[in-house]
Chemist: 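To start, I am sharing the structure in question, which I have written as structure tokens.
Remember, it's a predicted structure, so these values are computed and weren't measured experimentally. Residue numbers start from 1 in every chain, and the chains themselves are labelled A, B, ... in the order their sequence lines are given, proteins ahead of strands.
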Number of protein chains: 2
Amino acid sequence: MNVQASNLDNCIVAGNEGLREPIAVDLFKALADPSRAAILGSLASAGRPLRVSEVSTCCPQDLSVVSRHLATLREAGVVESERRGREVWYRLETGGLVRYLRDLADAFESCCPPTSSEDGKHGKK
Amino acid sequence: MNVQASNLDNCIVAGNEGLREPIAVDLFKALADPSRAAILGSLASAGRPLRVSEVSTCCPQDLSVVSRHLATLREAGVVESERRGREVWYRLETGGLVRYLRDLADAFESCCPPTSSEDGKHGKK
DNA sequence: ACAATGCTTGCATGAATGTGCAAGCGAGCA
DNA sequence: TGCTCGCTTGCACATTCATGCAAGCATTGT
């Protein structure tokens, strides 16, 4: 996956150096779908590679739809696939994702000092 | 923002306990748009609250569009707004986001042990 | 060679969403 | 009371995208 920065060239507002880490729009697009979230959860629960037909039991959609979702996740760089015979095995490959999430968290934190007024967001206290 | 888990009830594949942290689909939806990414970058670069009209200089879209994007980001819990006179000031409020990103990174990491075969993903080496 | 299995891809369709314009609404000003 | 300013909202439209079905393709088995 190529982390693609958004265009800020027209922006006339500038203060500090901003976000050190660009927001990976395409990565977030891949994660922003309930079916794909369920697929990732399925792969995580299994704790091992799964065939497409196994993954497809996690959601009511057609197997072809699941196949396409897996391709999307592969292009986003969060799963990898390997063909063995006539089966294709998918497995999580979240090393890059984990690094990116932490880098982005660091970037937001260092750029925007936490204020006291916020609590209970995102299901965490 | 309410972190909403995806439905995994139909899934017949189970191994370990899976992801401890649900994938926040709605949050990722909010981040998965180039205009909104630019808006966040603009707020980050400024390092201070901005009025809507200031934010709108970051992207070519109409001010009304930017206003709607800011509302979306507010509902996602990553910015907050405050009306002062006839102006509305928006500021980043990323404490919850930062916590969630780290929790999700931890969840992926503890659930899916890193493999050696992956490198150079997400723009990081 | 032929058929079956497992997955992917083409195509059509409906739903969701980003966008611009115009109107509306609240706050300050004359 | 009007008027302007700053922002939000209603509406229409175009694009994106998720989905299902059917066909295609690669691999294996007979």
Chemist: Do B:Val55 and B:Leu63 share a hydrophobic cluster (ILVMFWY, side-chain heavy atoms under 4.5 Å, transitive)?
Modeler: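 Same cluster.
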
Chemist: Shortest non-hydrogen contact from A:Arg102 to B:Asp106?
Modeler: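 For A:Arg102 versus B:Asp106, the nearest heavy atoms are NH2-OD1, 2.7 Å.
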
Chemist: Between atom CD of B:Glu109 and atom CG of A:Leu97, what is the distance when rounded to the nearest 0.5 Å?
Modeler: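 Rounded to the nearest 0.5 Å, the CD-CG separation comes to 11.0 Å.
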
Chemist: Quick one: pull up CD1 in B:Ile39 and CG in B:Leu92 and give me the separation to the nearest 0.5 Å.
Modeler: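 Going from CD1 on B:Ile39 over to CG on B:Leu92, the span is 11.0 Å.
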
Chemist: Could you give the CG-to-P distance, from B:Leu70 to D:dT8, as a whole number of Å?
Modeler: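 Going from B:Leu70 (CG) to D:dT8 (P), I get 7 Å.
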
Chemist: Looking only at side-chain N and O atoms, does A:Arg83 come under 4.0 Å of OP1 or OP2 in C:dG6?
Modeler: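 Checking A:Arg83 against C:dG6: no side-chain N or O falls below 4.0 Å of OP1 or OP2.
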
Chemist: Give me the distances for all protein-to-nucleotides 28-30 of chain D N/O pairs that come in under 3.5 Å?
Modeler:
from   : atom 1 : to      : atom 2 : distance (Å)
D:dT28 : O2     : A:Arg86 : NH1    : 3.4

Chemist: Drop me the distance from B:Thr94's OG1 to A:Leu104's CG, to the nearest 0.5 angstrom.
Modeler: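 That separation rounds to 9.5 Å.
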
Chemist: To the nearest Å, how far apart are B:Arg51 CZ and C:dA27 P?
Modeler: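 Between P of C:dA27 and CZ of B:Arg51: 18 Å.
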
Chemist: Return the orientation label for the B:Tyr100 and B:Phe28 ring planes: parallel under 30°, perpendicular over 60°, tilted otherwise.
Modeler: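 Tilted, since the angle between the ring planes falls between 30° and 60°.
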
Chemist: Measure CG/A:Asp33 against P/C:dA16 and give the value in whole Å, please.
Modeler: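 Rounded to whole Å, this separation is 13 Å.
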
Chemist: Rounded to whole angstroms, how far apart are CG on A:Leu73 and C1' on D:dA18?
Modeler: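 So the CG-C1' distance, A:Leu73 to D:dA18, works out to 13 Å.
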
Chemist: Give a yes/no on whether any side-chain N or O of B:His69 is located under 4.0 angstrom from OP1 or OP2 of C:dT19.
Modeler: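 Result: yes.
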
Chemist: Who are the side-chain hydrogen bond (donor to acceptor under 3.5 Å, both in side chains) partners of A:Ser67, not counting sequence neighbours?
Modeler: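 A:Ser67: no side-chain hydrogen bond (donor to acceptor under 3.5 Å, both in side chains) contacts found.
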
Chemist: In whole Å, I'd like the distance from the NZ atom of B:Lys29 to the P atom of C:dG18.
Modeler: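 Rounded to the whole Å, the gap is 10 Å.
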
Chemist: Between D:dA18 atom C1' and A:Leu63 atom CG, what is the distance in whole Å?
Modeler: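 Atom-to-atom, A:Leu63 to D:dA18, this comes out as 15 Å.
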
Chemist: Run through A:Glu54, A:Arg74, A:Glu82 and flag the one making a side-chain hydrogen bond (donor to acceptor under 3.5 Å, both in side chains) with A:Tyr90.
Modeler: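 Filter result, single survivor: A:Arg74.
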
Chemist: Between C:dT8 and A:Tyr90, is there an OP1 or OP2 to side-chain N/O distance shorter than 4.0 Å?
Modeler: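 True: A:Tyr90 side-chain N/O within range (under 4.0 Å) of C:dT8 OP1/OP2.
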
Chemist: Polar pairs (N or O, both sides) under 3.5 Å between protein and nucleotides 9-15 of chain D?
Modeler:
from   : atom 1 : to      : atom 2 : distance (Å)
D:dG10 : O6     : B:Arg68 : NH2    : 2.7

Chemist: Measure from CD on A:Glu87 to P on C:dT8 and round the result to the nearest Å.
Modeler: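 After rounding, the reported distance stands at 12 Å.
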
Chemist: Looking only at heavy atoms, what is the nearest atom pair of B:Ala44 and A:Leu19, with distance?
Modeler: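 The pair with the smallest heavy-atom distance is CB-CG, 3.8 Å.
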
Chemist: Atom CD of A:Gln61 and atom P of C:dG14: how far apart are they, to the nearest Å?
Modeler: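 Interatomic distance, CD of A:Gln61 to P of C:dG14: 18 Å.
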
